[in-house]
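Just below is one structure, and these are the notes that go with it.
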Amino acid sequence: MRLYRRHDRPLRHGRASPPDRPVDSRLRDPNQMNDDIFARVRGLVLTALREIVPDLPEDAMAKVEVTPTRDPAHGDMATNAALVVAKPARQPPARIAAALVERLAALPGITSAEAAGPGFVNLRLDPDVLRAVLPVVLRRGIGFGDSRTGGGAPVNVEYVSANPTGPMHIGHCRGAVVGDALANLLAKAGFAVSKEYYINDAGAQVTALAWAAYWRYLQAIGTDLSEEEFSDEVPGGLQYRGEYLIPVGQTLAASFGGSLAAPGGRIAAPDVWIDTVRDATIEEMMLQVREDLRLLGVDQDVFSSERALVASGVVDDVIDRLAVDGLIYEGVLEPPKGKTPDDWEPREQTLFRATQFGDDVDRPLRKSDGSNTYFANDIAYHADKITRGFPTLIDVWGADHGGYVSRMKAAVKAVSGGAATLDVVLCQIVHIVRGGQPVRMSKRAGTYVTLRELIEEVGADAVRFTMLTRKSDAQMEFDLDAVLAQTRDNPVFYVQYAHARCRSVLRAATEMLGEAALAEAVLAEVALDSLAADAELALIRRLATWPRTVEAAALAREPHRIAFFLYDLAGDFHMLWNRGRDDSTLRFLQPDRPAETLARLALVAATAVVIRSGLAVMGVTPVEEMR
RNA sequence: GCGCCCUUAGCUCAGUUGGAUAGAGCAACAGCCUUCUAAGCUGUAGGUCGGUGGUUCGAAUCCACCAGGGCGCGCCA
């Protein structure tokens, strides 16, 4: 048996609280602009701590946490304060804990404090303090949980950034949703967020795209070439054979007639057509990409073009700057150990000293034909973002780019002199399944799932919610049938159902009490003393953790936590609802007891508000009723 | 061969950045619809947190090594 299991033997009890005692204004004042009662209690703990141990170092104070208890038997909140300051204070945790207990238990709003385990202090709050969360929620509405953690600091979130070479498919989907939700989350946490899309419209792939569109153009004007004859003339062969380029070819034919082709619908010299075709095709593809994103509810603020970046000379400027700093050299890389490519031969290249900034090897900036590598352009792009005023960059990438993270971080350090940081959120593969069976993704077999088809089949809300039900760096199965199932194990349904039930109760109450009595501002004023059942207080405690959930998720860059919070919140609400099944006095609407009914309606309305607040971060539309 | 990510209940996954007795859903087992809120509900059982060491008052969490899975590995983006 471990010694610290003796938390059932409190060292000291707080005195009982007289029912008419006013609650400490520091614990309930909504004008404090801090919706987080945990943060407010933490403030009380820190104040008490300073009295007990003067001159504690800031870094020790920073480690003090006030958290919800895992076990209700431990009270409402717990703090590790005594444990984390024991060493700098040169006092045993138990002694500090005892002193904290004495001071905290004396505060109004705290009904008991007791030391437990190795030095935790468990706090029990006056139920009025908990209940006071409800009017705060009702007055602040969806804005409940907004925080000032970010302090208005600019953050640039870049996501999707797919090549404009075809329709968006489900591989792009997860990054789109994760990036968008992360941006919303950071905005809610008080950052000034810019949502950005980097158009990879330079390089060999868009040249291949231009050739593919040119083929559709030749077809539109009536070429006598076969597809294979044409393909033989294309450097690298014809790619992007999907039908989606047919309209592009037709539009080109309508605009330019036969002027982009040689007589007989034959291939003209690339100089004649390639710029025109490429520009028109990219423009059309980006229109489609933006339409796909719009259908998914994603709307980025800035679209940056790689080609425009190169044309502006920024890339050369940035490389020059790195050269001046001595971070570029001509050198020869070692072959990868163990697995040397067959055609390996030592080659002198222009290299960036990534190893000076934590990367494993130095990275090439120029291809053998003298043009820049993608990495070189990407360095310039990130430098450009920094120049535009973003010291904090977040990129959302597919996991297949994982090997690219350390070099990009190194580059950001180098170009900013260490002033800017880059966080990369990697998204693992999504496997689409239907009823447990894998849906193969293959362009050739015609079972290629486009983003648009996915949205048409299950709806944007289900797509978005489901994409956020896993940590982004964990692989995910997306079951087309399961996301539409109306059962508890489908979080989309379970959360939406909770909101619909809240709204349903409020609609029924309207008939009983009239619409005016149910306005959120009015419910914010009702007496709440009757809310005392375990399930009611548990729900209130959950609502109270929303602000700290937002803050923690934002700092961790983990939007999936919002989905899990909502699932738990929905569980608490359904639990309460179900209590009314066995015991009708626990139902929300009690016609002969209007005061209790109003208090319960305030709880229901507040629950609906917080669900909406969470869904707003996820970009999911709350439903009013289940049909 | 090297680097990064991952490994938690039979299954799918959380785990509040190092806290107390590791949680939820599904599946399993036992109950619960004449009626009110059953597109279900209540309860039970289920664990060597991949393994071994280490740091710490305290480890699923941090470090080292090992095993298994995924991704990547000099001019593709």
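Quick caveat, the model's predicted, so the values are computed rather than measured. Just so we're on the same page: letters track the sequence lines, and every chain starts at 1.
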When rounded to the nearest Å, what value does the distance between C1' atoms of B:rU12 and B:rU56 take? 34 Å
Kindly point out which of [options] is positioned nearest to the side chain of [X]?
X: A:A552; options: B:rC13, B:rU16, B:rG19; value: B:rU16
X: A:P118; options: B:rC41, B:rG19, B:rA20; value: B:rG19
X: A:R561; options: B:rG40, B:rU16, B:rG19; value: B:rU16
X: A:R347; options: B:rU16, B:rC41, B:rG74; value: B:rG74
X: A:T69; options: B:rA20, B:rU17, B:rG25; value: B:rA20

Which part of the nucleic acid does [X] contact within heavy-atom distance under 4.0 Å: base, sugar-phosphate only, or nothing?
X: A:A556; value: base
X: A:R548; value: base
X: A:A553; value: nothing
X: A:Y497; value: base
X: A:T545; value: nothing

With respect to the phosphate group of B:rC41, does any side-chain polar atom (N or O) of A:R488 fall under 4.0 Å of OP1 or OP2? yes
Below the 4.0 Å mark, does B:rU17 have OP1 or OP2 next to a side-chain nitrogen or oxygen of A:K471? no
Hey, is B:rC73 sitting syn or anti, using the within-90° cutoff around 0? anti
Looking at A:T165, is its backbone amide N or carbonyl O close enough to the side chain of A:N163 to form a donor-acceptor pair, meaning the two atoms are under 3.5 Å apart? no
Starting at atom [atom1] of [X], determine the distance to atom [atom2] of [N], rounded to an integer number of angstrom.
X: A:H431; N: B:rG69; atom1: NE2; atom2: C1'; value: 12 Å
X: A:R407; N: B:rG74; atom1: CZ; atom2: P; value: 9 Å
X: A:L426; N: B:rG3; atom1: CG; atom2: C1'; value: 13 Å
X: A:D583; N: B:rC41; atom1: CG; atom2: P; value: 18 Å
X: A:D76; N: B:rA20; atom1: CG; atom2: P; value: 18 Å

Using the six-membered ring wherever Trp is involved, compare the ring planes of [X] and [Y] and label them parallel, tilted or perpendicular (cut-offs 30° and 60°).
X: A:W577; Y: A:F573; answer: tilted
X: A:Y197; Y: A:F303; answer: parallel
X: A:F564; Y: A:H560; answer: perpendicular

By centroid distance (under 5.5 Å) and plane angle (under 30°), are A:Y404 and B:rG72 in a stacked arrangement? no
Give a yes/no verdict on base stacking between B:rA20 and A:H74: centres under 5.5 Å, planes within less than 30° of parallel. yes
Could you let me know what [N] is paired to, Watson-Crick or G-U wobble, both distances under 3.5 Å, or none if it's on its own?
N: B:rU17; result: none
N: B:rG10; result: B:rC26
N: B:rG46; result: none

Counting heavy atoms not belonging to A:D534, are there more than 12 under 6.0 Å from its CG? no
